[in-house]
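Below is one structure, written out as structure tokens, with a few remarks after it.
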Amino acid sequence: MATAEFTKQDFTSNQEPRWCPGCGDYAILASVQSVMPDLGVAPHDTVFVAGIGCAGRFAYYMDTYGMHGIHGRAPALATGLAVSRPDLFVWVVAGDGDALSIGGNHLIHALRRNVPIKILLFNNQIYGLTKGQYSPTSEVGKITKSTPFGALDHPFNPLALALGAEATFVARTIDVDRKHLTQTLKQAAAHPGAAIIEIYQNCNVFNDGAFDALTDKGTKDTNQIRLEHGQAIRFGVEQENGVVQNTDGSLSIVAVDDVGEDHLLKHDAHLADPSLAFALANLAARPTGPTPIGVFRAIERPVYGQAIDDQIASARDKLGDGDLATLLNSGDAWDVE
Amino acid sequence: MATAEFTKQDFTSNQEPRWCPGCGDYAILASVQSVMPDLGVAPHDTVFVAGIGCAGRFAYYMDTYGMHGIHGRAPALATGLAVSRPDLFVWVVAGDGDALSIGGNHLIHALRRNVPIKILLFNNQIYGLTKGQYSPTSEVGKITKSTPFGALDHPFNPLALALGAEATFVARTIDVDRKHLTQTLKQAAAHPGAAIIEIYQNCNVFNDGAFDALTDKGTKDTNQIRLEHGQAIRFGVEQENGVVQNTDGSLSIVAVDDVGEDHLLKHDAHLADPSLAFALANLAARPTGPTPIGVFRAIERPVYGQAIDDQIASARDKLGDGDLATLLNSGDAWDVE
Amino acid sequence: MRFAGDSGDGMQLSGNRFARATAVLGNDLVTMPDFPAEIRAPRGTLHGVSAFQIHFASHDILTPGDQPNVLVAMNPAALKTNLPLVESGGVVIVNEDEFTDRNLDKVGYKTNPLEDDSLAGYQVYAVPMETITKRAGEEIEGVTNREAIRAKNFFALGLLSWMYGRPTDVTIDWIEAKFKNVDAVRQINRAAFMAGHNFGETTEMFGVLYEVKPAEMAPGKYRNVNGSVALAWGLIAGSVRSGLPLLYASYPITPASELLHELSRHKNFGVRTVQAEDEIAAANMALGGAFGGHLGVTGTAGPGIDLKSETVGLASIYELPMIIVDVQRAGPSTGMPTKTEAADLLAVMYGRHGESPVPIVAPATPGGCFDAAIEATRIAVRYRTPVFILSDTYLGNSSEPWLIPSVDDLPEIDPNFTVEANHDDGFMPYLRNTDLARPWAVPGTPGLEHRIGGLEKEDGTGNISYDPENHERMTRIRAEKIERIADDIPALEVDDPDGADLLVIGWGSTHGAIAAAARRVRGWNGKVAIAHLTHLNPFPKNTEAVVRSYSKVLVPELNTGQLTMMLRARFLIDAECYSKVQGLPIRAAELEQVIRERL
Amino acid sequence: MRFAGDSGDGMQLSGNRFARATAVLGNDLVTMPDFPAEIRAPRGTLHGVSAFQIHFASHDILTPGDQPNVLVAMNPAALKTNLPLVESGGVVIVNEDEFTDRNLDKVGYKTNPLEDDSLAGYQVYAVPMETITKRAGEEIEGVTNREAIRAKNFFALGLLSWMYGRPTDVTIDWIEAKFKNVDAVRQINRAAFMAGHNFGETTEMFGVLYEVKPAEMAPGKYRNVNGSVALAWGLIAGSVRSGLPLLYASYPITPASELLHELSRHKNFGVRTVQAEDEIAAANMALGGAFGGHLGVTGTAGPGIDLKSETVGLASIYELPMIIVDVQRAGPSTGMPTKTEAADLLAVMYGRHGESPVPIVAPATPGGCFDAAIEATRIAVRYRTPVFILSDTYLGNSSEPWLIPSVDDLPEIDPNFTVEANHDDGFMPYLRNTDLARPWAVPGTPGLEHRIGGLEKEDGTGNISYDPENHERMTRIRAEKIERIADDIPALEVDDPDGADLLVIGWGSTHGAIAAAARRVRGWNGKVAIAHLTHLNPFPKNTEAVVRSYSKVLVPELNTGQLTMMLRARFLIDAECYSKVQGLPIRAAELEQVIRERL
Ligand SMILES: Cc1ncc(C[n+]2csc(CCOP(=O)(O)OP(=O)(O)O)c2C)c(N)n1
Ligand SMILES: Cc1ncc(C[n+]2csc(CCOP(=O)(O)OP(=O)(O)O)c2C)c(N)n1
Ligand code: SF4
Ligand code: SF4
Ligand SMILES: [Mg+2]
Ligand SMILES: [Mg+2]
């Protein structure tokens, strides 16, 4: 079917969203529903696989095929689907607890295998559905229901983890920045293997304002470092700041005037070596100051589902289509009269 | 007890090791048993926690306290022990399947939390105990029992994964290099938080020779890149090669003569930013050519067990030692006659 | 139930609408509005409070205005004036946004009652109703902030409707009709109502709560506790009485998270709480702590039980003390996470590969959760075994007046650590005492270094053994050890004043309903015997004698007949299950009817 | 059992030592050495082969030289000359190192029999005995490579000793004594022997294998299969007959790994195999594939079953076809991974939180594994439900002559995909047919987009529902759907030629022993009825009638009484379990004795 045939409405199910008013999930839902018609895949060829959490409800609101799985296992559920049905367009939606706490292992394995799934990680740095315990992305010292004296666990940096897990496409965007979110989704959709997008998502009930530095009118221009492949990395209200590389592999933020434009680091998302992307992911430990958003890495590597199909095709080429009677009668057999 | 009191014998249990003759596990066992007396901790204050696999049998051969857990869960078992008994010296032994396949999640969470445990990852790039399926560190294309047509999964680089998971101490060594192994163990033992050591371990039955490039007389000097904190990174029979950093964050191997000594990268294991360590981990995707060994990263960060203890101490300071009767009688109560 | 707020807050409206939606369900109800004297008292003052009380039930409401067990307080003034009316242990839902210093001051609160301990006797839920409603308004064109905030009574109504499972359409229809000409108001009221409803559902914040009838009260000092707090305190008591520091490792899950929350507040008891990465890790952490000589406990619900099963099997072959709390919720799978059910009995009894029997303790009342925790500790420590505690959503969220026990009356639990070799050949970790329990020697003890694992172990030495007879012996010893606990638990008590033919035997949270139903039956001179199992594995010694002495045995269960199956298999009696699987507790009146049919 | 090798390989020695260690155990035995004619035939030639055969059993050995069912072949020559003696389906252990092109050539093998399909009728284990022995030698001072290699007969002896659970001390003592003056030889022989023993244990390479007596044979074409291959082929057959491509996702675990190995070889049937990161992932992958319209299967053993339970619960509320294979092994926990047991019945029956009944199929023979796989496919697809297959180590590793079925006789399985809306309001994913099965509409089908999940769903629409009555209804429908399968499975057959009082009823791999025991009993005119359940949930319709028509019911089980419990609970009969938990199958003679005591 041609793209033009579908509208946002075609991707909108008849179930009324049940998130808290003001929840960042609404904005993400609206963006995803709007962008889907542009991606050229029909709703019936699209599947959303979600984990458990507020974010997990997402699957019910898309008028596509969908599975709401069990907590943390969406990447595995999606892997099974994507490898058996490479013709489908498979998306995963998971919260930070779902994807990084209970589901951390499936996530990293899906990434290293390069399974053709697009993973939307709704990172609100909190457990929403279970009413506000800290998550693996919450900051040290956070006071929550389960940590009345402050959390002690050093958090993950989800993108650094993904890069350590050999991810081929790694990006970050923000719930309320529809344009950026949409662009990022499109790039992920076009990526042939596993793509992970960390979406900063505001949970206005249990962790309001976690991303204010990047979303508030007054601060967002100062803090959003927008990565563009092939461009020097600079940012600020007047693009007055930039990023340079140090001799120890780390990156620093500098005033462009201090170093000169030519010394700015040029972003290259297509490097085979993930080190630069990793350094960028580590430029901001928490989204409270200047923080890169955009596509950190996008490289090509054999896609898992495709590779399985290729093995099947080559086995069929070599051995012919499997015939059950031949199989059962293979090897030594004898007759009893 | 003073260190001098203990000998290798004190750390050797009465159970006869049951690995295949020639297995790299023997060499590791011998090294660990020998180094323990030097670490200054008595056998009865030491605990080895092991997963399931050939490697997992390790725990039975140490005459310390020990737990042979279930597959993949040793880091969690050890976390429970280490946080409740910070006075103990807790080690974890796990194979590549145990630690990175089924147990991947516990591993990365133990690392990010910086639990005071020393993790020995016996990486033989194969499933030994279950007789030779490929593991998450096996190379693409590997023919094994479960992949007669070749494995399709892109492998993990265990150290890159550990660095992505915020590990504070990351090292690599080799089963048969007793001196290097011993040194590395000592450094890990001295590290206050979570330490992970990847040990290349030869499984001579199901994956013989996987590390020949680094262990064979003829090639090992050409291929071992020994990292020493504070030293320029160079290697080769005559130290004729070195490592330099590129402007895109990746590292390259060069002839020292070509670039000049001064341009070599100096290794710094204490950098707060993990980017350099990550680039080093990515210098060699597989141990088939020049490959760094040694301590990649060793930084200080609050130790999880200690932090829990501090919270308890401060609660006791503020509220006094808990008194059960007071607790039960707290809040509104009334009398019934 | 009572709605209370400022007179401008629309409490009468909320109350009336709730009553209407309730009436639609066919419930009996009595309402009682309670207006302020002044027409327009200043906002936020005590005399400006307006309230509306509703009493409803399925059958025979006897009193027109009992103490309400749920209060919605839209501001500090409403809380202050209405709290005294609420029954002890009742639910208090407050609009957090109004609890500003200024407003607190206005009504004479020195400290914020949401933060000090003054509401400890209630179940308090603080919800930022205004903030949420304001947000809801932002998405509607032409709605001012003020209008949005004004709709917060609909938020409250939505929330309560969700809690009590009232239909939404009645209210929505009414809103649509009532405000059909004021587009913005219609939309914001509707949005606020749905926001409240969804908040309840999405955040899994509220369980459905029911009143537990207090039994006749023995003299003593009482307080209110709900099952979650009682269980948490019971674990602390187990720790104190055994001298074993408590390690509670858990992964959040409704409704078990409450245990984690409560325990994490008591660090001055040396309680260590770890929020693990998942339930498997949590179980392993608890077990690791147990190896270290701590009281290792993990708690969960529903899906988490499945995940812990492999580790419980390991604990059972390790033969180390450990406690696994299951606050059951409605299943299968994710099911209905905020609703109650008791359908995990067979899962904890049999849900592990191989033969690995584990004791099960199940409290019958909220206060009983305290005792169950201590009893589980006692069994776990004495017999070196993992022990399950089966609570449920209903017990966890319900509260009742609880006779505060004297600490000295609580059992003393001797961890009985081994500190020296127990055999001429050195330390034998699987040499047993007369309880068949093995020694517990913790790291740090010189000379007792030893290794334990999940492979079958040689009797006595604990070394790995593949010997066939040894495996059979060890399997039977492990089973026998658990069976013998029957000698060490109280006999099953039967309440049978009239020599009945019918025995109603239950377990868990059906206790209240069974006791009340029996009271009712006996009220009309029906004869019924009742008994309640708090030990599900092993059963008390006299269970067989008890159940075999009645010609009819009825087992009310919040599942499809799990205890029934166990009783039938064990004792070959034709026990019948009265099964209810609705996410709701069994009601006394309903059970009375069931009993009547069987007399 | 037969050791065969070059005359220089020390086969007589190995054989004698094995016999000695066997005699110590009190087994009856007959040995039969088989020397080469020439004193020193050239190495590796056919006429240089020396062999030693041992026949042993616990009771009454009747034939002095039956066909051996285990052959150890130290080189190609030994294989070639001795293979014809081995019974079909027997075990062949070869010293892989000697299978060089040169040696193969020497005895006229054109292709390597380890690599072509010529040994398909046997269970072949290729072990690099020389390499390993050489390594063992490297660690001993003063042992040359040659001496080390010569010790390989001790390696073989060690391996066989492990397989048959022979004591090691007898042989070790003998070595110590015999070579007490030749230090190096003593050490290398000892090391080689232990290396062989440890190899068996550590690598989990070998199960203990037992001969299954072939029943009387119907005419037709036969081949040997073991249970693992039969099960794998049955899954392929299920895929072929349903037209659903097979997705097999699994995590390696002894003894279930064999299924993964076998299935991964058949990619030309469109079989997709995924080695998942763990058992949870494997189950989810299979389920994800099922949603996509594939035949989603996952297989595991022991601990893996615990880990999959949450996902099976999800599959049961999804109501999607899925198969979970459990090749049971000796538990609990890690247990004895290479030994057999059948103690997971209750775990698969009840091992999930909440109420989520799942059908269970259990093959009785190695060949029956093929049928069980097809039957599981049929039930899963027809009723849209996960189905368990319970095999065990003994079935998986044992082989028997198998009547090759005609493909056309295999059932056709109609996936019956829904391709258009089934209701005026559009597609209703939970609108059921007369089987109570719901429609299966796969992604890619226009207009049938829908979402499924683990939250309770509204009858018909599948939308999330917290409605109490709906939950009760859905719970009962799901149960009823599974119960009704009883109408669609064969009745339980009873073999009772003489009108017995005692019924021996079994399940799974006890079939052979039960049938053989009955033959023996009837041999001395004892009366015994036998029946065997291959459907454990639901039971065949007539099960109640059958079991109730006998005054005594005996249930032999490789657990402590799991089916016994189910029968007692369900039918209130005083069924007695004959329980064996030794990691070994029940033997006919042993069961004969048990039956005798009960007549
Ligand atoms: C096995 C299991 N464990 C725990 C839970 C309870 N649970 C549901 S969602 C959730 C975490 C929610 O946090 P997150 O994934 O960050 O999603 P959010 O609600 O913030 O969108 C938890 C712990 C569950 N449903 N299943
Ligand atoms: C839950 C569970 N799944 C699977 C297994 C089977 N198993 C035992 S060890 C192992 C992997 C062994 O590989 P590795 O961890 O690399 O250790 P190695 O034997 O190579 O030292 C597996 C899959 C198990 N024991 N438990
Ligand atoms: S709790 Fe937070 S994440 Fe969940 S719906 Fe509400 S605002 Fe959104
Ligand atoms: S199988 Fe490999 S890893 Fe295991 S003991 Fe043998 S050589 Fe070592
Ligand atoms: Mg979250
Ligand atoms: Mg390995």
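Below, chains carry the letters A, B, ... as their sequence lines are ordered, and counting in each starts from 1.
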Heavy-atom cut-off 4.5 Å, strictly under: side chain, backbone, both or neither for [X] against chain A?
| X | result |
| --- | --- |
| A281(C) | neither |
| L263(C) | neither |
| S333(C) | side chain |

How close do [X] and [Y] get, heavy atom to heavy atom, and via which atoms?
| X | Y | value |
| --- | --- | --- |
| T130(A) | I253(C) | CG2-CA, 4.4 Å |
| N198(C) | P17(A) | ND2-O, 3.5 Å |
| F149(A) | S264(C) | CE1-O, 3.4 Å |
| G97(A) | Y251(C) | O-OH, 3.9 Å |

About how many Å separate [atom2] of [Y] and [atom1] of [X], when rounded to the nearest 0.5 Å?
| X | Y | atom1 | atom2 | result |
| --- | --- | --- | --- | --- |
| I70(A) | T334(C) | CD1 | OG1 | 7.5 Å |
| I102(A) | L307(C) | CD1 | CG | 5.5 Å |
| S257(C) | Q133(A) | OG | CD | 4.5 Å |
| D278(C) | S101(A) | CG | OG | 7.0 Å |
| W162(C) | R18(A) | CH2 | CZ | 10.5 Å |

Expected output: side-chain Q275(C) to main-chain Y134(A) donor-acceptor under 3.5 Å: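 Yes, Q275(C) side chain to Y134(A) backbone: donor-acceptor pair under 3.5 Å.
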S146(A) side chain vs H261(C) backbone, donor-acceptor pair below 3.5 Å: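 Here the side-chain-to-backbone pair does not exist.
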D208(A)/R135(C) under side-chain contact (heavy atoms from CB on, under 4.5 Å): CA gap, chis, key distance, verdict: CA-CA 12 Å; D208(A) 198 22; R135(C) 295 273 184 169; 3.3 Å; yes
Under 4.5 Å from a heavy atom of chain C, the part of H71(A) involved: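 Just the side chain, heavy atoms under 4.5 Å.
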